[in-house]
2 protein chains.
Amino acid sequence: MSKPLTIVKVGGKVIEDQAKFEAFLDQFAAIEGPKILVHGGGVMASQLAELLGIPVNMIDGRRVTCQKTIDVVTMVYAGKINKTIAAQLNRRLIPAIGLCGADNFLVKAKRRPNEPIDFGFVGDVTGVNHEFLNHLLQGGLTPVLAPLSCDETGQILNTNGDTIASAVASAMCQLGYKVTLLYMTNLAGVMEDPRDAASLIPRIDQDLAKTLHQTGVVSDGMLPKLDNCFVAKRSGAVRVAIGHWQKSRDLTDPTMACGTEIVL
Amino acid sequence: MSKPLTIVKVGGKVIEDQAKFEAFLDQFAAIEGPKILVHGGGVMASQLAELLGIPVNMIDGRRVTCQKTIDVVTMVYAGKINKTIAAQLNRRLIPAIGLCGADNFLVKAKRRPNEPIDFGFVGDVTGVNHEFLNHLLQGGLTPVLAPLSCDETGQILNTNGDTIASAVASAMCQLGYKVTLLYMTNLAGVMEDPRDAASLIPRIDQDLAKTLHQTGVVSDGMLPKLDNCFVAKRSGAVRVAIGHWQKSRDLTDPTMACGTEIVL
(Lines give C-alpha, C1' and ligand atoms only; values in the text may rest on other atoms or scores of the structure.)
Protein backbone atom coordinates (compact mmCIF):
# COMPACT_ATOMS: atom_id res chain seq x y z
CA MET A 1 0.00 0.00 0.00
CA SER A 2 1.21 3.48 -0.72
CA LYS A 3 -1.73 5.71 -0.05
CA PRO A 4 -1.23 9.37 0.70
CA LEU A 5 -2.28 10.64 4.11
CA THR A 6 -2.20 14.21 5.37
CA ILE A 7 -2.01 14.79 9.12
CA VAL A 8 -2.61 18.36 10.24
CA LYS A 9 -2.00 19.65 13.74
CA VAL A 10 -3.66 22.96 14.53
CA GLY A 11 -3.01 24.88 17.72
CA GLY A 12 -5.43 26.50 20.11
CA LYS A 13 -4.59 30.03 18.95
CA VAL A 14 -6.21 29.32 15.59
CA ILE A 15 -9.28 27.40 16.74
CA GLU A 16 -10.08 29.70 19.65
CA ASP A 17 -10.71 32.64 17.31
CA GLN A 18 -14.07 32.15 15.59
CA ALA A 19 -13.14 33.79 12.28
CA LYS A 20 -9.79 32.01 12.05
CA PHE A 21 -11.44 28.75 13.08
CA GLU A 22 -13.95 28.87 10.23
CA ALA A 23 -11.32 29.88 7.68
CA PHE A 24 -8.98 27.15 8.86
CA LEU A 25 -11.72 24.50 8.54
CA ASP A 26 -12.37 25.67 4.97
CA GLN A 27 -8.66 25.13 4.26
CA PHE A 28 -8.60 21.74 5.94
CA ALA A 29 -11.79 20.61 4.20
CA ALA A 30 -10.20 21.42 0.83
CA ILE A 31 -7.24 19.07 1.39
CA GLU A 32 -7.66 16.12 -0.95
CA GLY A 33 -7.36 12.48 0.01
CA PRO A 34 -7.35 10.79 3.42
CA LYS A 35 -6.61 13.13 6.29
CA ILE A 36 -6.47 13.40 10.06
CA LEU A 37 -6.78 16.54 12.17
CA VAL A 38 -5.15 16.86 15.59
CA HIS A 39 -6.08 19.91 17.64
CA GLY A 40 -5.04 21.71 20.81
CA GLY A 41 -7.07 24.03 22.98
CA GLY A 42 -5.06 25.03 26.03
CA VAL A 43 -6.39 28.57 26.33
CA MET A 44 -10.02 27.40 26.46
CA ALA A 45 -9.10 24.79 29.07
CA SER A 46 -7.44 27.46 31.20
CA GLN A 47 -10.50 29.69 30.85
CA LEU A 48 -12.84 26.96 32.10
CA ALA A 49 -10.45 26.04 34.92
CA GLU A 50 -10.43 29.67 36.03
CA LEU A 51 -14.23 29.90 35.93
CA LEU A 52 -14.33 26.80 38.15
CA GLY A 53 -11.70 28.17 40.53
CA ILE A 54 -9.18 25.45 39.65
CA PRO A 55 -5.62 26.85 39.73
CA VAL A 56 -3.84 26.80 36.36
CA ASN A 57 -0.28 25.67 36.98
CA MET A 58 2.17 25.59 34.07
CA ILE A 59 5.82 24.48 34.28
CA ASP A 60 7.98 25.04 31.16
CA GLY A 61 4.80 25.59 29.14
CA ARG A 62 3.38 22.23 30.26
CA ARG A 63 0.16 22.01 32.23
CA VAL A 64 0.28 20.41 35.67
CA THR A 65 -2.82 18.22 35.56
CA CYS A 66 -4.54 17.41 38.86
CA GLN A 67 -7.72 15.28 39.00
CA LYS A 68 -9.97 18.31 38.53
CA THR A 69 -7.81 19.55 35.67
CA ILE A 70 -7.95 16.23 33.79
CA ASP A 71 -11.75 16.52 34.03
CA VAL A 72 -11.56 20.04 32.63
CA VAL A 73 -9.32 19.14 29.70
CA THR A 74 -11.41 16.04 28.94
CA MET A 75 -14.51 18.24 28.79
CA VAL A 76 -12.91 21.04 26.78
CA TYR A 77 -10.67 19.04 24.43
CA ALA A 78 -12.74 15.87 23.83
CA GLY A 79 -16.12 17.55 24.35
CA LYS A 80 -16.52 21.13 23.23
CA ILE A 81 -13.60 21.67 20.85
CA ASN A 82 -13.45 18.18 19.36
CA LYS A 83 -17.17 17.85 18.68
CA THR A 84 -17.52 21.41 17.42
CA ILE A 85 -14.78 20.71 14.88
CA ALA A 86 -16.41 17.41 13.88
CA ALA A 87 -19.81 19.09 13.47
CA GLN A 88 -18.40 21.99 11.45
CA LEU A 89 -16.43 19.64 9.18
CA ASN A 90 -19.56 17.58 8.59
CA ARG A 91 -21.36 20.75 7.60
CA ARG A 92 -18.59 21.09 4.98
CA LEU A 93 -19.40 17.53 3.84
CA ILE A 94 -16.26 16.03 5.40
CA PRO A 95 -17.29 12.85 7.28
CA ALA A 96 -15.38 13.75 10.41
CA ILE A 97 -15.50 11.87 13.69
CA GLY A 98 -14.17 13.21 16.95
CA LEU A 99 -11.94 10.92 19.00
CA CYS A 100 -9.34 11.02 21.72
CA GLY A 101 -6.65 8.61 22.88
CA ALA A 102 -9.14 6.77 25.09
CA ASP A 103 -11.22 5.57 22.12
CA ASN A 104 -10.21 1.99 21.34
CA PHE A 105 -6.85 2.84 22.98
CA LEU A 106 -6.10 5.06 20.01
CA VAL A 107 -3.21 6.71 21.84
CA LYS A 108 -1.84 4.59 24.65
CA ALA A 109 0.41 6.24 27.20
CA LYS A 110 2.21 5.78 30.47
CA ARG A 111 1.69 8.30 33.20
CA ARG A 112 4.85 10.39 33.39
CA PRO A 113 7.05 9.59 36.44
CA ASN A 114 6.53 12.13 39.23
CA GLU A 115 10.28 12.85 39.40
CA PRO A 116 11.87 15.34 38.86
CA ILE A 117 8.57 17.23 38.37
CA ASP A 118 5.14 15.81 39.13
CA PHE A 119 2.97 16.86 36.21
CA GLY A 120 0.03 14.83 37.51
CA PHE A 121 -2.19 13.16 34.93
CA VAL A 122 0.15 13.65 31.99
CA GLY A 123 0.91 10.78 29.63
CA ASP A 124 3.95 9.89 27.53
CA VAL A 125 2.82 8.10 24.37
CA THR A 126 3.69 4.39 24.21
CA GLY A 127 1.69 3.38 21.15
CA VAL A 128 -0.88 4.32 18.52
CA ASN A 129 -3.69 2.00 17.41
CA HIS A 130 -2.92 2.48 13.73
CA GLU A 131 -5.05 -0.49 12.61
CA PHE A 132 -8.06 1.32 14.07
CA LEU A 133 -7.17 4.56 12.27
CA ASN A 134 -6.66 2.55 9.09
CA HIS A 135 -10.15 1.05 9.44
CA LEU A 136 -11.65 4.52 9.82
CA LEU A 137 -9.71 5.93 6.86
CA GLN A 138 -10.72 2.97 4.70
CA GLY A 139 -14.32 3.78 5.57
CA GLY A 140 -13.74 7.25 4.10
CA LEU A 141 -13.78 8.91 7.53
CA THR A 142 -11.73 11.86 8.73
CA PRO A 143 -10.60 11.35 12.34
CA VAL A 144 -10.34 14.47 14.50
CA LEU A 145 -8.11 13.84 17.52
CA ALA A 146 -8.18 15.62 20.87
CA PRO A 147 -4.85 15.87 22.72
CA LEU A 148 -5.57 13.18 25.30
CA SER A 149 -4.12 9.71 25.78
CA CYS A 150 -5.08 6.79 27.99
CA ASP A 151 -3.15 4.30 30.11
CA GLU A 152 -3.87 0.60 30.53
CA THR A 153 -6.05 1.18 33.58
CA GLY A 154 -8.37 3.40 31.56
CA GLN A 155 -7.05 6.61 33.11
CA ILE A 156 -7.32 9.48 30.65
CA LEU A 157 -4.10 11.50 30.48
CA ASN A 158 -3.16 14.92 29.15
CA THR A 159 -0.73 14.73 26.23
CA ASN A 160 0.71 17.42 24.01
CA GLY A 161 -1.08 17.62 20.65
CA ASP A 162 2.18 18.10 18.72
CA THR A 163 3.45 14.83 20.17
CA ILE A 164 0.23 13.00 19.32
CA ALA A 165 0.37 14.26 15.73
CA SER A 166 3.98 13.05 15.42
CA ALA A 167 3.23 9.66 17.01
CA VAL A 168 0.24 9.17 14.72
CA ALA A 169 2.34 10.15 11.69
CA SER A 170 5.05 7.64 12.63
CA ALA A 171 2.52 4.88 13.23
CA MET A 172 0.78 5.45 9.90
CA CYS A 173 4.16 5.37 8.10
CA GLN A 174 4.58 1.85 9.52
CA LEU A 175 1.38 0.86 7.74
CA GLY A 176 2.83 2.07 4.47
CA TYR A 177 1.01 5.38 4.19
CA LYS A 178 2.83 8.20 2.41
CA VAL A 179 2.47 10.69 5.25
CA THR A 180 2.53 14.47 5.06
CA LEU A 181 2.62 16.03 8.54
CA LEU A 182 1.79 19.73 8.84
CA TYR A 183 2.02 21.85 11.97
CA MET A 184 -0.22 24.86 11.44
CA THR A 185 0.53 27.99 13.45
CA ASN A 186 -0.08 31.72 13.45
CA LEU A 187 3.30 32.32 11.80
CA ALA A 188 4.55 31.63 8.28
CA GLY A 189 6.88 28.98 9.67
CA VAL A 190 10.10 29.06 11.71
CA MET A 191 11.45 32.60 11.50
CA GLU A 192 14.71 34.28 12.47
CA ASP A 193 12.61 37.25 13.52
CA PRO A 194 8.85 36.71 13.86
CA ARG A 195 8.24 40.37 12.92
CA ASP A 196 10.13 40.07 9.64
CA ALA A 197 8.39 38.00 6.95
CA ALA A 198 11.62 37.83 4.95
CA SER A 199 13.33 35.95 7.78
CA LEU A 200 11.36 32.75 7.18
CA ILE A 201 13.66 29.72 7.25
CA PRO A 202 12.51 27.56 4.32
CA ARG A 203 14.23 24.36 5.39
CA ILE A 204 15.68 23.00 8.63
CA ASP A 205 17.84 19.93 9.00
CA GLN A 206 19.17 18.51 12.24
CA ASP A 207 22.40 20.52 12.13
CA LEU A 208 20.57 23.78 11.54
CA ALA A 209 18.09 22.90 14.30
CA LYS A 210 20.99 22.57 16.76
CA THR A 211 22.41 25.92 15.68
CA LEU A 212 19.02 27.63 15.94
CA HIS A 213 18.63 26.21 19.43
CA GLN A 214 22.11 27.35 20.50
CA THR A 215 21.60 30.86 19.13
CA GLY A 216 18.19 31.07 20.77
CA VAL A 217 16.33 31.61 17.47
CA VAL A 218 14.27 28.55 18.36
CA SER A 219 13.00 28.30 21.93
CA ASP A 220 10.00 27.42 24.12
CA GLY A 221 7.23 25.53 22.33
CA MET A 222 9.12 25.49 19.02
CA LEU A 223 11.84 23.22 20.47
CA PRO A 224 9.61 20.20 21.19
CA LYS A 225 7.71 20.92 17.96
CA LEU A 226 10.92 20.57 15.96
CA ASP A 227 11.78 17.40 17.90
CA ASN A 228 8.36 15.99 16.97
CA CYS A 229 8.99 16.91 13.34
CA PHE A 230 12.28 15.01 13.29
CA VAL A 231 10.68 11.96 14.93
CA ALA A 232 8.09 11.79 12.15
CA LYS A 233 10.69 12.45 9.47
CA ARG A 234 12.95 9.68 10.77
CA SER A 235 9.91 7.36 10.79
CA GLY A 236 9.53 7.92 7.08
CA ALA A 237 7.11 10.82 6.67
CA VAL A 238 7.58 12.11 3.12
CA ARG A 239 6.97 15.73 4.04
CA VAL A 240 6.98 17.46 7.40
CA ALA A 241 6.42 21.20 7.55
CA ILE A 242 5.56 24.04 9.90
CA GLY A 243 3.53 26.80 8.34
CA HIS A 244 0.73 29.31 8.51
CA TRP A 245 -2.76 27.87 8.93
CA GLN A 246 -3.95 29.88 5.93
CA LYS A 247 -1.61 27.77 3.80
CA SER A 248 -2.80 24.37 5.04
CA ARG A 249 -3.97 23.33 1.62
CA ASP A 250 -0.96 24.70 -0.29
CA LEU A 251 1.41 22.90 2.07
CA THR A 252 0.11 19.55 0.89
CA ASP A 253 1.59 20.30 -2.54
CA PRO A 254 5.28 19.30 -2.43
CA THR A 255 6.02 21.49 -5.44
CA MET A 256 5.11 24.61 -3.48
CA ALA A 257 7.71 26.20 -1.28
CA CYS A 258 5.87 27.69 1.66
CA GLY A 259 6.42 27.43 5.36
CA THR A 260 9.43 25.66 6.86
CA GLU A 261 10.12 22.14 5.70
CA ILE A 262 11.90 19.78 8.07
CA VAL A 263 14.47 17.50 6.47
CA LEU A 264 16.97 15.02 7.87
CA MET B 1 -27.93 -10.29 7.04
CA SER B 2 -29.40 -11.28 10.35
CA LYS B 3 -26.78 -10.39 12.92
CA PRO B 4 -27.74 -9.85 16.52
CA LEU B 5 -27.21 -6.39 18.00
CA THR B 6 -27.79 -5.30 21.57
CA ILE B 7 -28.44 -1.62 22.23
CA VAL B 8 -28.34 -0.59 25.87
CA LYS B 9 -29.45 2.79 27.18
CA VAL B 10 -28.23 3.60 30.68
CA GLY B 11 -29.40 6.62 32.61
CA GLY B 12 -27.45 9.20 34.55
CA LYS B 13 -28.51 7.80 37.93
CA VAL B 14 -26.47 4.66 37.28
CA ILE B 15 -23.36 6.18 35.75
CA GLU B 16 -23.12 9.07 38.20
CA ASP B 17 -22.56 6.70 41.13
CA GLN B 18 -19.00 5.37 40.94
CA ALA B 19 -19.72 1.90 42.38
CA LYS B 20 -22.84 1.39 40.23
CA PHE B 21 -20.98 2.74 37.21
CA GLU B 22 -18.19 0.16 37.52
CA ALA B 23 -20.63 -2.69 38.17
CA PHE B 24 -22.79 -1.67 35.23
CA LEU B 25 -19.78 -1.57 32.90
CA ASP B 26 -18.87 -5.10 34.02
CA GLN B 27 -22.40 -6.19 33.08
CA PHE B 28 -22.31 -4.39 29.75
CA ALA B 29 -18.84 -5.73 28.91
CA ALA B 30 -20.15 -9.29 29.45
CA ILE B 31 -22.89 -8.95 26.82
CA GLU B 32 -21.92 -11.09 23.87
CA GLY B 33 -21.95 -10.03 20.24
CA PRO B 34 -22.14 -6.58 18.65
CA LYS B 35 -23.42 -3.89 20.99
CA ILE B 36 -23.98 -0.17 21.34
CA LEU B 37 -24.23 1.83 24.56
CA VAL B 38 -26.25 5.06 24.80
CA HIS B 39 -25.85 7.08 27.98
CA GLY B 40 -27.41 10.03 29.77
CA GLY B 41 -25.87 12.31 32.37
CA GLY B 42 -28.28 15.09 33.23
CA VAL B 43 -27.36 15.39 36.89
CA MET B 44 -23.67 15.93 36.12
CA ALA B 45 -24.59 18.53 33.50
CA SER B 46 -26.74 20.37 36.04
CA GLN B 47 -23.91 20.26 38.56
CA LEU B 48 -21.44 21.85 36.14
CA ALA B 49 -24.02 24.44 35.06
CA GLU B 50 -24.54 25.41 38.69
CA LEU B 51 -20.79 25.68 39.32
CA LEU B 52 -20.60 28.03 36.32
CA GLY B 53 -23.61 30.05 37.46
CA ILE B 54 -25.73 29.03 34.47
CA PRO B 55 -29.40 28.70 35.49
CA VAL B 56 -30.80 25.17 35.15
CA ASN B 57 -34.27 25.47 33.67
CA MET B 58 -36.37 22.32 33.25
CA ILE B 59 -39.89 22.19 31.75
CA ASP B 60 -41.73 18.84 31.97
CA GLY B 61 -38.44 17.16 32.82
CA ARG B 62 -36.79 18.53 29.67
CA ARG B 63 -33.82 20.84 29.84
CA VAL B 64 -34.13 24.31 28.35
CA THR B 65 -30.83 24.61 26.49
CA CYS B 66 -29.39 28.10 25.96
CA GLN B 67 -26.04 28.67 24.18
CA LYS B 68 -24.08 28.31 27.42
CA THR B 69 -26.03 25.18 28.33
CA ILE B 70 -25.36 23.45 25.01
CA ASP B 71 -21.65 24.08 25.70
CA VAL B 72 -22.05 22.53 29.14
CA VAL B 73 -23.85 19.41 27.92
CA THR B 74 -21.39 19.01 25.05
CA MET B 75 -18.54 19.09 27.55
CA VAL B 76 -20.20 16.80 30.11
CA TYR B 77 -21.95 14.31 27.81
CA ALA B 78 -19.51 14.07 24.87
CA GLY B 79 -16.40 14.87 26.93
CA LYS B 80 -16.26 13.67 30.49
CA ILE B 81 -18.95 10.96 30.64
CA ASN B 82 -18.57 9.60 27.11
CA LYS B 83 -14.79 9.34 27.16
CA THR B 84 -14.68 7.97 30.70
CA ILE B 85 -17.05 5.18 29.63
CA ALA B 86 -14.98 4.50 26.50
CA ALA B 87 -11.75 4.37 28.53
CA GLN B 88 -13.23 2.10 31.19
CA LEU B 89 -14.69 -0.26 28.58
CA ASN B 90 -11.32 -0.46 26.84
CA ARG B 91 -9.75 -1.38 30.17
CA ARG B 92 -12.28 -4.27 30.14
CA LEU B 93 -10.97 -5.19 26.66
CA ILE B 94 -14.09 -3.89 24.88
CA PRO B 95 -12.93 -1.81 21.88
CA ALA B 96 -15.24 1.10 22.66
CA ILE B 97 -15.28 4.43 20.89
CA GLY B 98 -17.08 7.47 22.19
CA LEU B 99 -19.26 9.37 19.73
CA CYS B 100 -22.14 11.81 19.64
CA GLY B 101 -24.68 12.77 16.99
CA ALA B 102 -22.27 15.32 15.50
CA ASP B 103 -19.79 12.63 14.42
CA ASN B 104 -20.31 11.89 10.73
CA PHE B 105 -23.91 13.15 11.24
CA LEU B 106 -24.55 10.02 13.31
CA VAL B 107 -27.79 11.47 14.69
CA LYS B 108 -29.21 14.20 12.52
CA ALA B 109 -31.88 16.43 14.00
CA LYS B 110 -33.96 19.52 13.46
CA ARG B 111 -34.01 22.20 16.08
CA ARG B 112 -37.38 21.98 17.83
CA PRO B 113 -39.79 24.80 16.89
CA ASN B 114 -39.87 27.54 19.53
CA GLU B 115 -43.67 27.26 19.87
CA PRO B 116 -45.43 26.48 22.17
CA ILE B 117 -42.31 26.27 24.35
CA ASP B 118 -38.84 27.45 23.34
CA PHE B 119 -36.49 24.72 24.54
CA GLY B 120 -33.49 26.39 22.87
CA PHE B 121 -30.85 24.13 21.37
CA VAL B 122 -32.92 20.94 21.51
CA GLY B 123 -33.11 18.61 18.52
CA ASP B 124 -35.79 16.26 17.25
CA VAL B 125 -34.15 13.31 15.50
CA THR B 126 -34.62 13.21 11.71
CA GLY B 127 -32.21 10.42 10.84
CA VAL B 128 -29.48 8.04 11.98
CA ASN B 129 -26.34 7.31 9.92
CA HIS B 130 -26.76 3.55 10.21
CA GLU B 131 -24.22 2.78 7.48
CA PHE B 132 -21.60 4.47 9.63
CA LEU B 133 -22.62 2.45 12.70
CA ASN B 134 -22.57 -0.67 10.56
CA HIS B 135 -19.00 0.09 9.45
CA LEU B 136 -17.92 0.48 13.06
CA LEU B 137 -19.67 -2.72 14.18
CA GLN B 138 -18.14 -4.64 11.28
CA GLY B 139 -14.76 -3.45 12.51
CA GLY B 140 -15.53 -5.09 15.85
CA LEU B 141 -16.02 -1.76 17.59
CA THR B 142 -18.49 -0.89 20.34
CA PRO B 143 -19.93 2.60 19.82
CA VAL B 144 -20.74 4.60 22.96
CA LEU B 145 -23.18 7.40 22.17
CA ALA B 146 -23.68 10.66 24.05
CA PRO B 147 -27.20 12.15 23.99
CA LEU B 148 -26.48 14.89 21.47
CA SER B 149 -27.62 15.36 17.89
CA CYS B 150 -26.61 17.77 15.15
CA ASP B 151 -28.48 19.78 12.54
CA GLU B 152 -27.42 20.41 8.95
CA THR B 153 -25.65 23.66 9.84
CA GLY B 154 -23.38 21.78 12.24
CA GLN B 155 -25.18 23.07 15.32
CA ILE B 156 -24.94 20.53 18.14
CA LEU B 157 -28.33 19.96 19.80
CA ASN B 158 -29.45 18.41 23.06
CA THR B 159 -31.53 15.26 22.52
CA ASN B 160 -32.99 12.79 24.98
CA GLY B 161 -30.88 9.63 25.28
CA ASP B 162 -33.95 7.36 25.34
CA THR B 163 -35.02 8.80 22.01
CA ILE B 164 -31.57 8.38 20.50
CA ALA B 165 -31.46 4.73 21.63
CA SER B 166 -34.87 4.10 20.04
CA ALA B 167 -33.94 5.89 16.80
CA VAL B 168 -30.69 3.94 16.56
CA ALA B 169 -32.54 0.68 17.21
CA SER B 170 -35.06 1.43 14.47
CA ALA B 171 -32.33 2.41 12.01
CA MET B 172 -30.33 -0.76 12.68
CA CYS B 173 -33.46 -2.88 12.17
CA GLN B 174 -33.67 -1.38 8.67
CA LEU B 175 -30.20 -2.77 7.97
CA GLY B 176 -31.42 -6.23 8.94
CA TYR B 177 -29.92 -6.44 12.41
CA LYS B 178 -31.84 -8.52 14.98
CA VAL B 179 -32.05 -5.77 17.56
CA THR B 180 -32.47 -6.11 21.31
CA LEU B 181 -33.10 -2.72 22.95
CA LEU B 182 -32.68 -2.48 26.71
CA TYR B 183 -33.47 0.52 28.90
CA MET B 184 -31.49 0.10 32.11
CA THR B 185 -32.78 1.91 35.19
CA ASN B 186 -32.55 1.85 38.98
CA LEU B 187 -35.79 -0.18 39.16
CA ALA B 188 -36.58 -3.77 38.24
CA GLY B 189 -38.78 -2.53 35.40
CA VAL B 190 -42.18 -0.83 35.19
CA MET B 191 -43.86 -1.32 38.57
CA GLU B 192 -47.37 -0.75 39.92
CA ASP B 193 -45.70 0.40 43.13
CA PRO B 194 -41.95 1.15 43.01
CA ARG B 195 -41.64 0.12 46.70
CA ASP B 196 -43.12 -3.32 46.08
CA ALA B 197 -40.89 -5.74 44.14
CA ALA B 198 -43.88 -8.05 43.57
CA SER B 199 -45.67 -5.33 41.59
CA LEU B 200 -43.32 -5.60 38.61
CA ILE B 201 -45.29 -5.66 35.35
CA PRO B 202 -43.62 -8.37 33.25
CA ARG B 203 -45.12 -7.37 29.93
CA ILE B 204 -46.74 -4.24 28.51
CA ASP B 205 -48.60 -3.96 25.22
CA GLN B 206 -50.11 -0.81 23.75
CA ASP B 207 -53.51 -1.32 25.40
CA LEU B 208 -51.97 -1.85 28.82
CA ALA B 209 -49.73 1.17 28.29
CA LYS B 210 -52.83 3.33 27.74
CA THR B 211 -54.45 1.98 30.88
CA LEU B 212 -51.30 2.51 32.94
CA HIS B 213 -51.14 6.08 31.67
CA GLN B 214 -54.81 6.77 32.47
CA THR B 215 -54.52 5.33 35.99
CA GLY B 216 -51.34 7.28 36.61
CA VAL B 217 -49.21 4.18 37.24
CA VAL B 218 -46.95 5.38 34.45
CA SER B 219 -46.05 9.06 34.43
CA ASP B 220 -43.23 11.59 33.94
CA GLY B 221 -40.10 10.17 32.30
CA MET B 222 -41.61 6.68 31.95
CA LEU B 223 -44.22 7.92 29.45
CA PRO B 224 -41.79 8.98 26.70
CA LYS B 225 -39.62 5.95 27.55
CA LEU B 226 -42.56 3.64 26.78
CA ASP B 227 -43.29 5.59 23.61
CA ASN B 228 -39.67 5.08 22.54
CA CYS B 229 -40.00 1.37 23.28
CA PHE B 230 -43.04 1.05 21.02
CA VAL B 231 -41.32 2.98 18.22
CA ALA B 232 -38.44 0.47 18.26
CA LYS B 233 -40.80 -2.46 18.55
CA ARG B 234 -42.89 -1.30 15.58
CA SER B 235 -39.65 -0.87 13.61
CA GLY B 236 -38.94 -4.56 14.11
CA ALA B 237 -36.80 -4.83 17.25
CA VAL B 238 -37.02 -8.47 18.37
CA ARG B 239 -36.89 -7.64 22.07
CA VAL B 240 -37.44 -4.35 23.89
CA ALA B 241 -37.28 -4.28 27.66
CA ILE B 242 -36.98 -1.97 30.64
CA GLY B 243 -35.08 -3.44 33.56
CA HIS B 244 -32.59 -3.07 36.35
CA TRP B 245 -29.03 -2.24 35.30
CA GLN B 246 -27.75 -5.18 37.33
CA LYS B 247 -29.61 -7.46 34.92
CA SER B 248 -28.22 -5.97 31.71
CA ARG B 249 -26.58 -9.19 30.70
CA ASP B 250 -29.51 -11.46 31.67
CA LEU B 251 -31.90 -9.29 29.71
CA THR B 252 -30.15 -10.20 26.48
CA ASP B 253 -31.33 -13.79 26.96
CA PRO B 254 -34.88 -14.02 25.58
CA THR B 255 -35.54 -17.17 27.61
CA MET B 256 -35.17 -15.25 30.86
CA ALA B 257 -38.13 -13.36 32.22
CA CYS B 258 -36.77 -10.33 33.97
CA GLY B 259 -37.72 -6.70 33.80
CA THR B 260 -40.64 -5.45 31.75
CA GLU B 261 -40.85 -6.54 28.15
CA ILE B 262 -42.62 -4.28 25.67
CA VAL B 263 -44.76 -6.05 23.09
CA LEU B 264 -47.11 -4.83 20.38
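Quick note on labels: first sequence line is chain A, next is B, and so on, each numbered from 1. Side chains included, hydrogens not; waters and symmetry mates left out as well; all remaining heavy atoms used.
The cationic group of A/R111 lies under 6.0 Å from the six-membered ring centre of A/F121 and within 45° of the ring axis, placing it in a cation-pi geometry. Annotation: cation-pi pair A/K20/A/F24 absent, no NZ/CZ under 6.0 Å from the ring centroid and within 45° of its normal.
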If you apply the rule side chain to side chain contact (heavy atoms under 4.5 Å, CB included), what do you find for B/L99 with A/L99, and how did you get there? CA-CA 8 Å; B/L99 299 170; A/L99 299 169; 4.2 Å; yes

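Only the side chain of B/F132 comes within contact range of chain A, judged by heavy atoms closer than 4.5 Å. Looking at A/L141, the atoms closer than 4.5 Å to chain B (heavy atoms on both sides) all sit in the side chain, from C-beta outward.
Contact count versus chain B (heavy atoms, under 4.5 Å) is highest, among A/C100, A/C150, A/G98, for A/G98. Ranked by heavy-atom pairs under 4.5 Å with chain A, the first of B/A146, B/G101, B/G53, B/A96 is B/A96.
Ionic pairing of B/K110 and B/D151 is not present here: no N-O contact between side-chain nitrogen and carboxylate oxygen is shorter than 4.0 angstrom.
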